[in-house]
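Each chain gets a letter, A, B and so on, in the order the sequences are listed, and its residues count up from 1.
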2 protein chains.
Amino acid sequence: MPAASRILLVEDDPNLGFVTQESLERQGFEVTLAGNGESGYAEFAGTVFDLCLIDIMLPEKDGITLARDIRQLNPRIPIIFVTAKSLKEDRIAGFKVGCDDYIVKPFSMEELVLRIQAVLRRTKPSLIKSEQQQYRIGSTIFDYKNSMLIFETNRQKLTHKESELLRLLCLHLNQVLDRQIALNLVWGENNFFMARSMDVYLSKLRKYLQHDQSVRIENIHGKGFKLVVESDD
Amino acid sequence: MPAASRILLVEDDPNLGFVTQESLERQGFEVTLAGNGESGYAEFAGTVFDLCLIDIMLPEKDGITLARDIRQLNPRIPIIFVTAKSLKEDRIAGFKVGCDDYIVKPFSMEELVLRIQAVLRRTKPSLIKSEQQQYRIGSTIFDYKNSMLIFETNRQKLTHKESELLRLLCLHLNQVLDRQIALNLVWGENNFFMARSMDVYLSKLRKYLQHDQSVRIENIHGKGFKLVVESDD
DNA sequence: TTTCACTTTTAACATTTTTTAACACTTTTT
DNA sequence: AAAAAGTGTTAAAAAATGTTAAAAGTGAAA
């Protein structure tokens with residue numbers, strides 16, 4: 001069991017800060033919360049972190065400046081920016097290239113956690129090497145790395161999007177996967193047509209899994225989807 | 001471990017300037033940022049640099065003038081120009097001859113870094129001598145320097161473009177190589193026909209590598225390609 | 001210069017992946 | 001109950017990719 005990833009969270013809104021800290025700690029991260037850029041910098045200078053989560057709009061020392069200063073200390077530290085929706089396109093284009101990912105307020109903890117894990121998986125593979133590349137869905141095996149579903153002697157190759165969506169469902173096994181989150185993470189955007197496209201993909205995944213009686217993809221109306229596996233204990 | 005390459009970046013847009021500086025520093029370069037031609041010239045006169053990255057459109061002293069003045073001080077310094085897309089063809093043709101490479105805004109940091117490395121490799125081979133000239137792809141050896149693929153007793157000579165494309169894939173081993181970036185770097189332009197041409201090359205590379213069961217070139221629809229090597233650990 | 005060998009691009013056609021449209025059905029709201 | 005919103009499914013359309021072969025380009029040798 002690898003040590004927990006250490007996250008520096010810099011957020012000036014105390015409420016959002018506490019809630020985020022708690023949620024991330026519940027997910028097994030070690031989180032240090034700083035309320036402004038100055039103390040964020042001080043924390044970073046004094047401790048070793050695996051990732052920084054920085055609000056762009058900070059009083060005094062803004063997030064981008066802080067990120068620059070932090071990178072001065074450690075050029076390779078992964079940084080995720082938190083931005084308000086109101087930011088102009090060009091401003092976004094500007095900082096996009098300077099960070100590993102970004103998330104738009106208001107965001108769900110679930111999406112945040114998934115983004116953090118994705119960044120850590122890319123940048124510090126050793127930290128989450130234990131992450132499984134194969135998922136067991138009832139008596140079906142989902143080989144994510146090779147985009148393959150294996151049931152008895154049948155092998156079904158999956159396309160990239162099928163594979164990404166199914167992986168998200170697996171990560172939420174027997175829990176609800178929120179529609180918006182899935183759209184943001186797999187399709188990158190969130191409009192009517194992409195939503196319909198996702199429905200088509202869910203239909204495909206259901207077809208691939210239909211031979212396995214103990215498995216189904218349920219819809220929670222207005223919320224999302226749940227990959228349900230009946231336990232045969 | 002060679003010392004970091006020192007880059008003089010002259011860019012008047014502060015946001016883009018900072019972001020670019022950060023990203024390059026993250027890649028291990030030492031970057032000095034100047035906000036206009038005058039201070040750029042002053043910096044160059046006072047310090048030793050390995051490469052200059054100059055925006056064409058600068059207030060007061062424009063990029064081309066600055067480059068000329070800099071070359072007066074050091075005729076062999078590599079220069080990369082940054083240009084806006086709007087520039088007229090003839091203007092581009094004009095400055096192309098005066099620099100080692102150029103990149104069109106908006107660009108991705110990934111592409112910029114690859115271009116810088118390519119220029120340094122050409123002009124200051126000693127600075128990145130540590131760069132490997134041979135890549136291991138599964139049980140196949142790719143000898144980039146000699147444009148040769150070696151598998152057991154088979155040797156396959158590669159053409160220049162085959163070799164460049166394969167090298168890019170190797171640099172992104174098990175990661176996605178963006179289509180646009182590959183096109184910009186290997187073909188220099190990015191249109192329908194060049195894209196089709198690249199597909200033909202990918203097909204050729206697949207054929208060369210097909211004997212090696214642990215190697216494949218995957219397509220990520222709409223994104224790019226990934227050279228995947230199954231680890232046999 | 002012409003020829004030859006080789007590289008690269010273009011064209012053509014097959015296939016795969018993704019999106020869009022259409023229609024039936026379900027759930028929630030009014 | 002009727003209307004509206006949401007979902008399930010299938011098929012068609014559009015876009016992207018894989019592959020092969022012919023055409024065009026290139027440079028060196030005869």
Next on the checklist: If you go through the side-chain atoms of R179(A), does one of them form a donor-acceptor pair with the base of dG6(D) closer than 3.5 Å?
Outcome noted: no
Checklist entry - Where the side chain of D101(A) meets the backbone of R115(A), is there a donor-acceptor pair that is under 3.5 Å apart? => result no
Checklist entry - Could a donor-acceptor pair under 3.5 angstrom be found where the side chain of R196(A) meets the base of dG6(D)? => result no
Item to check | Nearest-angstrom distance from the residue atom CD of Q210(A) to P of dT9(D) | outcome: 9 Å
Checklist outcome for this item: Span of DNA chain C engaged by chain A, first through last nucleotide within the 4.0 Å heavy-atom cut-off, is dT17(C) to dT28(C)
Item to check | Separation of S163(B) OG from K161(B) NZ (nearest 0.5 Å) | outcome: 12.0 Å
Next on the checklist: In the structure I gave you, are the side-chain heavy atoms of L185(B) and E111(B) within less than 4.5 Å of one another anywhere?
Outcome noted: yes
Checklist entry - Is there a side-chain polar atom (N or O) of K207(B) under 4.0 Å from OP1 or OP2 of dT20(D)? => result yes
Checklist entry - Quick one: H221(B) NE2 to dA14(D) P, roughly how many Å, whole number? => result 15 Å
Checklist entry - Between atom CG in L209(B) and atom P in dT19(D), what is the gap in whole Å? => result 12 Å
Item to check | 5′-ward residue of the pair E162(A)/T159(B) relative to DNA chain C | outcome: T159(B)
Item to check | Check against side-chain hydrogen bond (donor to acceptor under 3.5 Å, both in side chains), Q133(A) and D143(A) | outcome: CA-CA 6 Å; Q133(A) 298 291 310; D143(A) 181 344; over 6 Å; no
Checklist outcome for this item: To the nearest angstrom, the NE2-C1' distance between H160(B) and dG25(D) comes to 17 Å
Next on the checklist: Pair H172(B), E110(B) - check side-chain hydrogen bond (donor to acceptor under 3.5 Å, both in side chains), show working.
Outcome noted: CA-CA 11 Å; H172(B) 290 77; E110(B) 201 182 334; 2.6 Å; yes
Checklist entry - Could you state the CG-C1' distance from N219(B) to dG18(D), rounded to the nearest angstrom? => result 9 Å
Checklist entry - Under 4.0 angstrom, heavy atoms only, what part of the nucleic acid is F192(A) near: base, sugar-phosphate, or nothing? => result nothing
Item to check | Spacing between L165(B) atom CG and dG18(D) atom C1', to the nearest angstrom | outcome: 15 Å
Next on the checklist: Just to be sure I understand the rule, does S197(B) reach a base, reach only the sugar-phosphate, or reach nothing, if contact means heavy atoms closer than 4.0 Å?
Outcome noted: base
Next on the checklist: I need the CZ-P distance between R216(B) and dG18(D), as an integer number of Å.
Outcome noted: 13 Å
Checklist entry - Contact class for K157(A) vs. all strands (heavy atom < 4.0 Å): base, sugar-phosphate, or nothing? => result nothing
Next on the checklist: For a quick check of understanding: with a heavy-atom distance under 4.0 Å over all strands, which category does D199(A) fall into, base, sugar-phosphate or nothing?
Outcome noted: base
Next on the checklist: Please confirm whether the ring centroid of W187(B) lies under 6.0 Å from the ring centroid of Y201(B).
Outcome noted: yes
Checklist entry - For the pair made of CZ in F193(A) and C1' in dA13(D), what is the distance, rounded to whole Å? => result 13 Å
Checklist entry - Mind checking whether F225(B) and V176(B) have side chains closer than 4.5 Å, heavy atoms only? => result no
